There are 2 protein chains.
Amino acid sequence: MLKAERHRVILNEVAIHNRILLTDISEVLNVSVDTVRRDVTQLDAEKKLQKVHGGAVALGYVNNTGEHDKVYALNEKGQIAKKALGLLENGNVIIIHGGTTCLELARMIPSNISLTCFTLSLPVAVELCKKPKLEVIMIGGTMAKESQIASGGSAIHDLMNIKVDYSFIGTGYVDVNFGLTEFDYESVQVKRAVVNASKTPVLLTISEKLNSRNRYKTCELSDIDVMITELDPSDEKLREFKDSGIKIY
Amino acid sequence: MLKAERHRVILNEVAIHNRILLTDISEVLNVSVDTVRRDVTQLDAEKKLQKVHGGAVALGYVNNTGEHDKVYALNEKGQIAKKALGLLENGNVIIIHGGTTCLELARMIPSNISLTCFTLSLPVAVELCKKPKLEVIMIGGTMAKESQIASGGSAIHDLMNIKVDYSFIGTGYVDVNFGLTEFDYESVQVKRAVVNASKTPVLLTISEKLNSRNRYKTCELSDIDVMITELDPSDEKLREFKDSGIKIY
DNA sequence: TTTTAATTTGCAAAATATCGAAATTTTAAA
DNA sequence: TTTAAAATTTCGATATTTTGCAAATTAAAA
């Protein structure tokens, strides 16, 4: 492996996570910690990141918590993505549908995990291609221009022929009684196919969308196994969802 | 093996994989590492790639920002794309395969033309999605990480079920007698399917690649209807290609 | 404080680069 | 075609760079 390749991986990791540990990178790149340290030292000298004890942080990144903790404040979607990643194990086969929360999930997949990832989203596919240890399979179809997500009969047909461990989807609207709904009929059909193609469908949604609905139904809430929001699972807003029997993280 | 041939192989490998190891290339080309090193040194001096310890990387690889203007021979590729666009009429259905020349074509499609565009390339698809009047259809499959182009049985199967007006493909190598060839077997199969899926296959290639060849054949030159280079069609270098009966623009 | 983890330093092995001479191939002229 | 000159390539010897390891030192955490 060339030094330039390692540097690229390191910079990408820093860009995504703001902070990296030398030991983690060492594992990902299959080189000694010493080598990673030398790389980081060089990148620091080139002003491409800032070297800190035990690792490196993005330039201009300040830990304003005042503590030396390893957990930094993430936005809502980052928090959701992090929880979702906790479900995954090496060797899993998953579908990542699309949308901003799913994109965050794709970005935050650790470089050292091995997965087979299907996706219908161009931006998600681009992110997945950056991870050395993933097998990436794009499910094609007619592209929705703004969302850059494939849909249509071809995409649905492809989905009908696979069964994966987990699928991760977002939704426009979710309600305990009305289930997952959308404004757009086309995306409802594709998402339903995604749900059916996985043993464990996982809904990623910010709490803002709870208790809202629209005209087309993707599926019932009970068709989903796990719902992940940025809230603490004990939050009162999640009460009736929890009562419905779905797992909440 | 002539020096020019080695240079072509090296540049193509860098274009596809973003990086090469001198030792790998030495083995592939059956020449000493010294020779490969000298070749790479020369190509580096010609600003066609960047030499690094142990190998070489694509231009713009190290500083991974603003990559587009670092593409080799961007001017020539722009000229090629412009000529290719002259073929198109409103309502045409086309396939744009992938690679930097095809990407340039996608970028330069005027926003007032209506087309249905199939593609196997993520970056091409992203560009096409920016054009309001296009219908964009991504052909999915297993993604090649570096080139971000779909391949595999699923992609080929999808291609076998369509017949479009024009297809636009690049090639690693092209020769009057040996036709279009590649170093990589996987991409040969997909490109062949693209050619077969179109009434008028169009080859886009910079003149540098003329009279070069490698081990796997995509198709004969006669399977291609139109070849477009940055040269004037009357250029002497194109003589024997013209004699073969293919249209040259 | 103690304990643990990370860094520094020096070093040796491995990989890569450089240089010059010999061998080979290519080119051009006879 | 043959031959000689030129260019290119290979090989060996020697430098340089890179890498991983371990002991001593320093910094962080409990």
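Below, read A as the first sequence line, B as the second, and so on, with proteins coming before strands; counting in each chain starts at 1. Quantities reported herein were computed from a predicted structural model and do not represent experimental measurements.
- A donor-acceptor pair shorter than 3.5 Å can be found between the side chains of B/Arg8 and B/Asn12.
- Position along DNA chain D of the nearest nucleotide to A/Val31 versus B/Thr35 favours B/Thr35 as the more 5'-ward residue.
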Give the table of side-chain donor-acceptor pairs shorter than 3.5 Å for residues 178-186 of chain B, with sequence neighbours excluded, one pair per line with atom names and distance.
unit_1   : atom_1 : unit_2   : atom_2 : d
B/Thr181 : OG1    : B/Asn214 : N      : 2.9
B/Glu182 : OE1    : B/Gly172 : N      : 3.4
B/Glu182 : OE2    : B/Thr171 : OG1    : 3.3
B/Glu182 : OE2    : B/Gly172 : N      : 2.9
B/Glu182 : OE2    : B/Lys191 : NZ     : 2.8
B/Asp184 : OD2    : B/Ser187 : N      : 3.4
B/Glu186 : OE2    : B/Gly152 : N      : 3.4

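- Comparing A/Met1 and B/Leu2 against DNA chain D, the residue whose closest nucleotide sits nearer the 5' end is B/Leu2.
- If you take CZ of B/Arg6 and C1' of C/dT26, they are 13 Å apart, rounded to a whole angstrom.
- Under the salt bridge (charged side-chain N to carboxylate O under 4.0 Å, His left out) criterion, B/Arg239 pairs with B/Glu236, not counting sequence neighbours.
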For residues 84-108 of chain A, run the donor-acceptor check on the side chains, cut-off 3.5 Å, and write out each pair with its distance to 0.1 Å, sequence neighbours left out.
unit_1   : atom_1 : unit_2   : atom_2 : d
A/Asn90  : OD1    : A/Ser114 : N      : 2.7
A/Asn92  : OD1    : A/Glu89  : N      : 2.9
A/Asn92  : ND2    : A/Asp165 : OD2    : 3.4
A/Thr100 : OG1    : A/Lys77  : NZ     : 2.9

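- Inter-axis angle, ends of the helix from C/dT1-D/dA30 to C/dA30-D/dT1, five pairs per end, rounded to 10 degrees: 40°.
- A salt bridge between B/Lys48 and B/Glu208 is present, with a side-chain N of the basic residue lying under 4.0 Å from a carboxylate O of the acidic one.
- Toward the 5′ end of DNA chain C lies the nearest nucleotide of A/Val33, the other residue of the pair A/Val33 and B/Lys51 mapping further downstream.
- Of the possible polar contacts, none joining the A/Ser26 side chain to the A/Leu22 backbone as a donor-acceptor pair under 3.5 Å is found.
- Checked for salt-bridge contact, B/Lys217 and B/Glu220 meet the test: a charged N lies under 4.0 Å from a carboxylate O.
- Atom-to-atom, CD of B/Gln42 to C1' of D/dA7 comes out at 12 Å; the value is rounded to the nearest Å.
- Applying the salt bridge (charged side-chain N to carboxylate O under 4.0 Å, His left out) test to A/Glu5 and every residue at least two apart in sequence or in another chain returns B/Arg19.
- One atom, CD of B/Glu5, and another, P of C/dT26, lie 11 Å apart when rounded to the nearest Å.
- Following rounding to the nearest Å, B/Lys3 (NZ) and D/dA6 (C1') show an atom-to-atom distance of 13 Å.
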A correct 5'-to-3' footprint of nucleotides 9-16 of chain C, with B, S and - meaning base, sugar-phosphate only and no protein heavy atom under 4.0 Å, is -------S
